[in-house]
Amino acid sequence: QTYSIYDTNLLPTLIIFSNSKMSSQDSLSLQSTFTLLFFSFTFLFSIFSLLVYISRIKPWCNCNTCKTYLSVTWSQNFINLCDYYTHLLQTSPTGTIHVHVLGNIITANPENVEYILKTNFNNYPKGKQFSTILGDLLGRGIFNVDGDSWKFQRKMASLELGSVAIRSYAMELVTEEIKTRLIPLIASKTGQNDDAFMDMQDILRRFSFDNICKFSFGFDPCCLVPSLPVSKLADAFDISSKLSAERGMSASPLIWKMKRFFNVGSEKNLKEAIKVVNDLAKEMIKQKREVEIGVDSRKDLLSRFMGSLNSNEDEYLRDIVVSFLLAGRDTVASTLTGFFILLSKNPDVEKKIRVELDRVMNPAQEVATFEQTREMHYLNGAIHESMRLFPAVQFDSKFASEDDVLPDGTFIKKGSRVTYHPYAMGRMETIWGPDFMEFKPERWLREGVFVPKCPFKYPVFQAGARVCLGKELAIVEVKAVVAALVRRFDVRVVGPNQEPRFVPGLTATFGGGLPVIFYERKHES
């Protein structure tokens with residue numbers, strides 16, 4: 001008689017015993033032995049693969065930049081890694097540095113940025129490396145693809161986001177959220193003692209998440225209702241963004257790939273968080289497929305994109321909409337948080353904004369109209385100035401398809417990661433002059449009228465072929481929020497002189513939030 005012994009579904013048949021029967025005790029002992037051997041082999045193979053990877057990236061580079069990065073001694077002088085990179089770029093003759101151990105060339109040189117994003121755009125796609133890191137979260141969404149898929153989604157999104165109907169719908173949602181939730185919530189917290197502060201970053205993230213969910217899915221998560229409930233979807237999105245970003249910070253992609261293979265640690269958490277996002281997206285798509293949608297009711301992006309895709313492309317549809325969900329939620333909240341940090345340190349700017357708002361808006365008006373936001377030139381300058389110092393996306397990377405040479409003479413090897421750094425570029429004296437660290441909305445004005453800067457000196461919204469399609473919608477939303485809050489409340493940051501500490505994420509998130517106290521303004525009669 002012949003039979004086989006199997007361990008778990010992870011292990012193949014190990015051995016065949018003939019003409020004998022094993023006791024259950026012997027069987028368990030043998031299983032344990034083979035399990036130990038299997039995992040020992042896996043561990044040794046992982047170490048071997050890591051050593052091979054290390055030998056390729058040559059982490060023993062003795063240049064000061066690489067030694068400082070590997071030893072983390074940069075943290076002795078800088079709170080954030082982005083500030084350390086900024087220091088290196090400020091002192092570089094070309095505005096470009098090479099972190100050899102990461103295989104990453106980082107630049108703050110506007111000529112290089114224009115070359116990467118426009119002149120030789122086709123040689124600098126997102127690349128397979130980037131797509132792999134964010135693939136589980138964004139799939140084949142517009143921010144994670146190149147080539148024909150990117151062109152198709154961009155054309156489709158451009159038609160939708162550029163329409164008058166979608167802009168009117170977006171403004172309706174923002175106005176409603178400000179009037180019915182944001183202002184009442186803050187008003188209920190004023191007049192209390194000075195210790196009763198709120199985390200403004202959390203409030204703004206809830207506000208923008210409600211808006212973008214309604215705009216993208218036609219679904220209201222009710223994050224900003226008075227009880228400030230815990231949202232499984234919002235939490236899942238936060239976890240997904242944070243852990244996906246941490247993949248890109250790993251010393252080796254092998255580390256997170258092994259964790260994903262065995263479904264352990266951060267990769268297990270990421271998988272569970274993405275499942276929450278996927279389940280909601282699938283449910284929303286299913287519900288909308290079951291209801292015949294008329295042309296007049298196609299307001300949210302999901303309903304509109306459904307008209308351009310077949311019913312068997314629901315997964316693709318999910319990827320597209322989730323990408324917009326990511327972009328619209330985190331970037332707006334990050335921009336507003338950075339703005340109020342700077343405004344709290346510059347009361348003169350606050351006064352000038354109020355003068356403009358009182359001129360443009362009616363005395364009893366709570367929320368500005370779309371037409372009124374276009375007349376707010378000084379506020380527009382203040383918002384762009386805050387994004388110069390605190391961009392929502394601090395850096396963006398591409399991967400070279402072929403060998404190349406940047407305008408400043410830097411050689412780019414095929415497959416190299418090339419990063420332009422908006423955070424550092426906003427702090428370059430060569431671009432903004434000796435007052436680069438001052439918060440000056442006036443640098444954006446000419447005779448009182450807002451004048452945009454060259455996008456390659458200010459790539460906060462990217463530039464060239466991939467320039468952000470939702471830029472105008474985002475700016476209008478930020479203007480509407482600032483106008484509503486600054487006119488009615490004094491917003492005072494608790495501990496305003498503390499330097500911001502950023503936490504890992506796909507967009508800039510301030511560690512510890514933004515504790516503020518709101519005071520109702522007293523208007524003179």
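Index from 1, following the sequence.
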I'd like to know if the side chain of [X] reaches the main chain of [Y], judged simply by a donor and an acceptor atom lying under 3.5 Å from each other, with no hydrogens or angles considered.
X	Y	answer
Asn80	Cys82	no
Gln153	Arg140	yes
Lys398	Leu117	no
Ser334	Ala508	yes
Asn123	Ala400	no
Asp403	Lys413	no
Ser386	Ile383	yes
Thr91	Leu88	yes
Trp444	Tyr378	no
Asp404	Ile412	no

Heavy-atom side-chain proximity of [X] to [Y] below 4.5 angstrom:
X	Y	result
Arg354	Arg487	no
Ile285	Met306	yes
Val467	Pro455	no
Val491	Val493	no
Ile475	Phe461	yes
Asp199	Gln201	yes
Tyr458	Pro452	no

Rounded to the nearest 0.5 Å, what separates atom [atom1] in [X] from atom [atom2] in [Y]?
X	Y	atom1	atom2	result
Asn278	Leu137	CG	CG	8.5 Å
Ile142	Phe152	CD1	CZ	10.5 Å
Ile105	Thr96	CD1	OG1	8.5 Å
Ile320	Phe143	CD1	CZ	11.0 Å
Ser208	Leu224	OG	CG	9.5 Å
Leu138	Ser241	CG	OG	8.0 Å

Exercise. Are Leu336 and Met200 close enough, and set up right, to give a side-chain contact (heavy atoms from CB on, under 4.5 Å), and what steps lead you there?
Worked result: CA-CA 9 Å; Leu336 282 165; Met200 193 167 190; over 6 Å; no
If you take all heavy atoms of [X] and [Y], which pair is closest and at what distance?
X	Y	value
Thr335	Ala392	OG1-CB, 4.0 Å
Asn144	Gly139	ND2-O, 3.1 Å
Val418	Ile116	CG1-CD1, 3.5 Å
Leu233	Phe209	CG-CZ, 3.6 Å
Leu317	Phe305	CD1-CB, 3.6 Å
Ala236	Ser240	O-OG, 2.7 Å

Ion pair check, [X] and [Y], cut-off under 4.0 Å:
X	Y	value
Glu356	Lys352	no
Lys271	Glu267	no
Asp202	Arg206	yes
Lys214	Glu177	yes
Glu371	Arg374	no

Exercise. Should we count CG of Asp435 as having more than 12 external heavy atoms under 6.0 Å?
Worked result: yes
For this session: Give a yes or no on this: more than 12 heavy atoms of other residues, nucleotides or ligands lie within 6.0 Å of atom CD of Gln129.
Result: yes
Exercise. Can the positive tip of Arg427 be found less than 6.0 Å from the middle of the six-membered ring of Tyr423, inside 45° of the ring normal?
Worked result: yes
Taking atom types as modelled and ignoring hydrogens, do the side chains of [X] and [Y] form a donor-acceptor contact shorter than 3.5 angstrom?
X	Y	answer
Thr410	Asp408	yes
Thr419	Asn104	yes
His384	Asn380	yes

Problem set entry | Verdict with supporting geometry, Asp146 and Arg466, salt bridge (charged side-chain N to carboxylate O under 4.0 Å, His left out) | CA-CA 10 Å; Asp146 296 299; Arg466 277 191 180 264; 2.9 Å; yes
Problem set entry | Geometric class of the Tyr124/Tyr115 ring pair [parallel <30°, tilted 30-60°, perpendicular >60°] | perpendicular
Exercise. Given the rule in the side-chain contact (heavy atoms from CB on, under 4.5 Å) test, do Asn77 and Asp83 qualify, once you have shown the distances and angles that lead to the verdict?
Worked result: CA-CA 9 Å; Asn77 300 310; Asp83 292 313; over 6 Å; no
For this session: Could you give me the CA-CA distance, side-chain angles and deciding distance for Asp348 and Lys440, then say whether salt bridge (charged side-chain N to carboxylate O under 4.0 Å, His left out) is met?
Result: CA-CA 10 Å; Asp348 289 343; Lys440 289 179 61 176; over 6 Å; no
Exercise. Would Phe510 and Phe502 count as a close aromatic pair, with their ring centres under 6.0 Å?
Worked result: yes
Problem set entry | Verdict with reasoning, Arg388 to Glu385, per salt bridge (charged side-chain N to carboxylate O under 4.0 Å, His left out) | CA-CA 5 Å; Arg388 175 179 73 84; Glu385 181 73 347; 2.8 Å; yes
Exercise. Stepwise, does the side-chain contact (heavy atoms from CB on, under 4.5 Å) test hold for Arg247 with Leu134?
Worked result: CA-CA 9 Å; Arg247 280 180 171 182; Leu134 296 183; over 6 Å; no
For this session: Have a look at Ser397 and tell me which of His421, Lys126, Arg417 forms a side chain to side chain donor-acceptor pair (under 3.5 Å) with it.
Result: Arg417
For this session: Begin with the C-alpha distance, continue with both residues' side-chain angles, and end with the deciding distance and a verdict on side-chain contact (heavy atoms from CB on, under 4.5 Å) for Val516 and Phe340.
Result: CA-CA 9 Å; Val516 302; Phe340 281 104; over 6 Å; no
